[in-house]
Trainee: 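One structure, as structure tokens, below. Some questions next.
Each chain gets a letter, A, B and so on, in the order its sequence line appears, and its residues count up from 1.
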Protein chains: 2
Amino acid sequence: MYSPITIDALRTLDAIDRRRSFAAAAEELYRVPSAISYTISKLEEDLGVELFDRSRRKAELTAVGRLILEQGRQILVATEELTALAKQTDEGWETELRICIDSLINCEPVYDLIEQFQKLQPRTELRLTEEVLGGSWDALNSEQCDLVIGAEGDPPSQGFGIHLLGQVEFVFAVSASHPLTDMQQPISLQAIQDYPTVVVTDSSRYLPVRSTGLLDGRSRIAVSSIEHKIAAQIRGLGVGYLPKFRIKKELEEGTLKQLMLAETRSPRSISIAWRNTSKGKGVQWFVSQLRQMVFDQDSGLQRPK
Amino acid sequence: MYSPITIDALRTLDAIDRRRSFAAAAEELYRVPSAISYTISKLEEDLGVELFDRSRRKAELTAVGRLILEQGRQILVATEELTALAKQTDEGWETELRICIDSLINCEPVYDLIEQFQKLQPRTELRLTEEVLGGSWDALNSEQCDLVIGAEGDPPSQGFGIHLLGQVEFVFAVSASHPLTDMQQPISLQAIQDYPTVVVTDSSRYLPVRSTGLLDGRSRIAVSSIEHKIAAQIRGLGVGYLPKFRIKKELEEGTLKQLMLAETRSPRSISIAWRNTSKGKGVQWFVSQLRQMVFDQDSGLQRPK
DNA sequence: TTAATTGATCAAAATATTTGAACTATGTAC
DNA sequence: GTACATAGTTCAAATATTTTGATCAATTAA
């Protein structure tokens with residue numbers, strides 16, 4: 001036995017310091033003063049170091065005593081955290097829960113849920129990541145995350161739990177001053193070819209990459225999220241489809257204009273998804289909360305009235 | 001008693017996992033297998049959580065068991081570190097030792113010492129800071145550091161241990177292409193007034209600020225260290241005194257030129273210094289090592305042959 | 001199949017801790 | 001200065017905890 005330090009001794013030391021005396025510490029720990037004396041002398045002897053100034057009959061720590069007290073408190077906290085974590089894990093709550101939010105989704109309602117969850121289960125560590133298009137299915141499949149909010153389309157393989165949130169309608173939008181606004185609608189695909197397209201790059205790495213429905217061969221501007229795509233199109237850097245609910249304000253204000261195309265794009269369904277093997281209460285909790293939400297054409301993800 | 005976790009139980013758990021069986025762990029811990037069984041069952045019972053899969057007769061951890069093992073190892077390391085630290089502190093070695101190196105000093109020989117010290121006393125945490133001019137005395141006085149290397153001049157108050165390293169000779173230097181190089185030497189103070197001076201700003205905050213010996217009222221460029229001052233003067237941003245040993249190469253290469261002034265600046269003495277109240281073995285060790293060093297006009301701080 | 005190994009269980013033995021009473025040092029009130 | 005209260009120590013006895021060794025049942029290896 002290399003280290004003679006004992007959780008019990010650390011707890012005793014802590015009580016003595018907080019209560020300012022051996023006698024008071026004894027009372028707090030439901031022991032008799034001599035038992036406290038014994039615990040401390042034992043630690044001192046095993047350690048070969050004086051923890052209290054024995055010159056006067058007072059509970060006064062030496063420098064080393066203070067060191068052990070202060071560092072020891074950290075150890076006490078760690079063990080208490082550990083027991084709590086163990087009990088929680090045993091009850092089925094995850095130690096860590098990784099949620100992946102698709103770039104498409106409006107985050108606010110999810111943040112509300114997270115806040116609620118943290119009040120309920122402060123010891124489950126939440127990790128949030130953002131993925132784009134197929135990236136979220138991929139993250140789920142490769143166990144990089146436990147829950148996806150806003151996965152687009154159908155699962156690429158078996159073994160997933162899934163709940164449909166709704167449909168996302170995409171509109172072809174360009175900046176107010178864009179040359180295409182002067183053309184007669186519906187606009188031919190041919191005409192679009194002349195302008196660069198803004199595409200959100202797929203962050204998927206393991207599963208087959210999905211096409212965004214836009215034709216290849218044209219000049220492209222690659223961005224990493226819907227926010228960037230919206231910004232790029234407002235500035236007129238390029239054109240492309242955008243989820244209608246995310247650009248409602250821009251369409252009203254006229255910073256973006258919706259154009260009718262010769263070929264319309266069909267709405268995509270979006271869902272929440274999780275691995276069937278996820279039995280943790282955290283995932284279950286989020287799933288049950290999110291089941292009560294819908295994805296609305298006008299206002300995005302929200303709890304229906 | 002809130003947390004039933006015990007250092008002994010954690011150690012037992014660790015041994016079981018490393019040795020792959022209760023029996024082997026028992027041997028390692030000089031106990032009998034039934035004692036190991038007892039320790040683990042007790043922890044399981046107190047915690048109310050199964051740590052080993054009891055379905056088959058094998059030392060196989062549950063998920064919670066693994067959690068406790070892994071986190072518990074951290075706690076074990078912490079307690080062992082703490083005992084070592086306590087013993088070391090009891091023997092007179094500091095837990096933390098803060099060394100302040102004056103901007104003036106060449107650091108390499110100090111880094112060598114630090115490396116040596118860390119081999120000798122890896123558990124004493126060293127913190128290095130750099131101060132300028134009076135700043136180092138100030139840091140020492142206000143207990144922001146325990147040892148000053150390269151303090152300039154005499155201590156501003158009582159209670160310091162001090163060891164003289166040597167003298168620093170300052171030369172007035174300008175960049176090679178500076179207009180002052182065309183003037184006839186010795187150069188009058190009047191002539192210098194026409195050019196901005198580079199000054200190292202005194203980082204001192206509590207003790208009276210020291211003058212750098214340069215006249216006021218002229219345009220100044222303030223920098224935070226000797227390195228910056230040398231660089232600024234090489235670029236011709238300003239003129240000023242520099243410690244000769246720090247610009248030896250620049251003078252040889254001709255990127256800086258030494259000028260003779262009408263009024264010469266007397267050499268300053270530099271020392272190492274510590275508080276008289278510092279009884280720690282770390283400070284003593286550094287002091288005894290640094291006593292063997294001298295500050296040489298040509299090559300700065302070094303161990304004499 | 002047999003032999004060897006592993007972990008669990010249990011009563012007895014060995015240890016460790018707690019108790020309570022007596023004692024001493026220190027501080028406080030008068 | 002004395003008396004009194006309080007705080008920490010010491011020690012033997014009481015109690016609690018841990019360890020042991022023998023025995024048993026389940027697994028695994030030969």
Trainee: Does anyone know the first and last nucleotide of DNA chain D in reach of chain B, 5' to 3', at under 4.0 angstrom to a heavy atom?
Mentor: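 The protein-touched segment is dT17(D) to dT27(D).
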
Trainee: Tell me the interatomic distance from Asp8(A), atom CG, to dT18(C), atom C1', rounded to whole angstroms.
Mentor: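 Going from CG in Asp8(A) over to C1' in dT18(C) covers 12 Å.
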
Trainee: Base, sugar-phosphate alone, or nothing: which one does Thr12(B) contact when heavy atoms must sit under 4.0 Å apart?
Mentor: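 Thr12(B): no heavy atom of the nucleic acid under 4.0 Å.
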
Trainee: With a 4.5 Å limit on heavy-atom distance, are the side chains of Leu113(A) and Met293(A) in contact?
Mentor: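 Heavy-atom side-chain distance check passes, below 4.5 Å.
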
Trainee: For nucleotides 21-24 of chain C, tabulate all protein N/O to nucleotide N/O atom pairs closer than 3.5 Å, reporting atom names and distance.
Mentor:
{"from": "dT24(C)", "atom 1": "O2", "to": "Arg57(A)", "atom 2": "NH1", "distance (Å)": "3.2"}

Trainee: What's the angle between the local helix axes at either end of the helix from dT1(C)-dA30(D) to dC30(C)-dG1(D), using five pairs per end and rounding to 10 degrees?
Mentor: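 End-to-end axis angle for the helix from dT1(C)-dA30(D) to dC30(C)-dG1(D): 30°, rounded to 10°.
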
Trainee: Give a yes or no on whether a salt bridge exists between Glu94(B) and Lys281(B), defined as a side-chain N under 4.0 angstrom from a carboxylate O.
Mentor: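 No salt bridge links Glu94(B) with Lys281(B).
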
Trainee: Can you confirm whether more than 12 heavy atoms, excluding those of Arg127(A), are under 6.0 Å from its CZ atom?
Mentor: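 No, the 6.0 Å shell around CZ holds no more than 12 heavy atoms from other groups.
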
Trainee: Would you sort out whether Phe160(B) and Trp137(B) count as a ring pair (Phe, Tyr, Trp, His ring centres under 6.0 Å), showing the intermediate values?
Mentor: CA-CA 10 Å; Phe160(B) 296 113; Trp137(B) 282 112; 5.5 Å; yes

Trainee: Of the residues in residues 36-47 of chain A, which ones touch DNA chain C at a heavy-atom distance under 4.0 Å?
Mentor: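 DNA chain C contact set from residues 36-47 of chain A: Tyr38(A), Thr39(A), Lys42(A).
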
Trainee: For DNA chain D, what residues of residues 18-30 of chain A have any heavy atom nearer than 4.0 Å?
Mentor: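 Hits under 4.0 Å, by residue number: Ser21(A), Phe22(A), Ala23(A).
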
Trainee: Name the nucleic acid region contacted by Thr6(A), choosing base, sugar-phosphate or nothing; use a 4.0 angstrom heavy-atom cut-off, strictly under.
Mentor: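 No contact at all - Thr6(A) keeps every heavy atom at 4.0 Å or more from the nucleic acid.
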
Trainee: Is it true that Ser55(B) and Asp53(B) share a donor-acceptor pair across their side chains at a distance under 3.5 Å?
Mentor: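 Looking only at side-chain atoms, Ser55(B) and Asp53(B) do form a donor-acceptor pair, the distance falling under 3.5 Å.
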
Trainee: I'd like to check Asp102(A) versus Ile149(A) (side-chain heavy atoms, cut-off strictly below 4.5 Å). Are they in contact?
Mentor: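 A side-chain contact under 4.5 Å is absent here.
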
Trainee: Could you tell me which residues satisfy side-chain hydrogen bond (donor to acceptor under 3.5 Å, both in side chains) with Asp46(B), sequence neighbours excluded, listed by chain and number?
Mentor: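 Only Lys42(B) meet the side-chain hydrogen bond (donor to acceptor under 3.5 Å, both in side chains) criterion with Asp46(B).
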
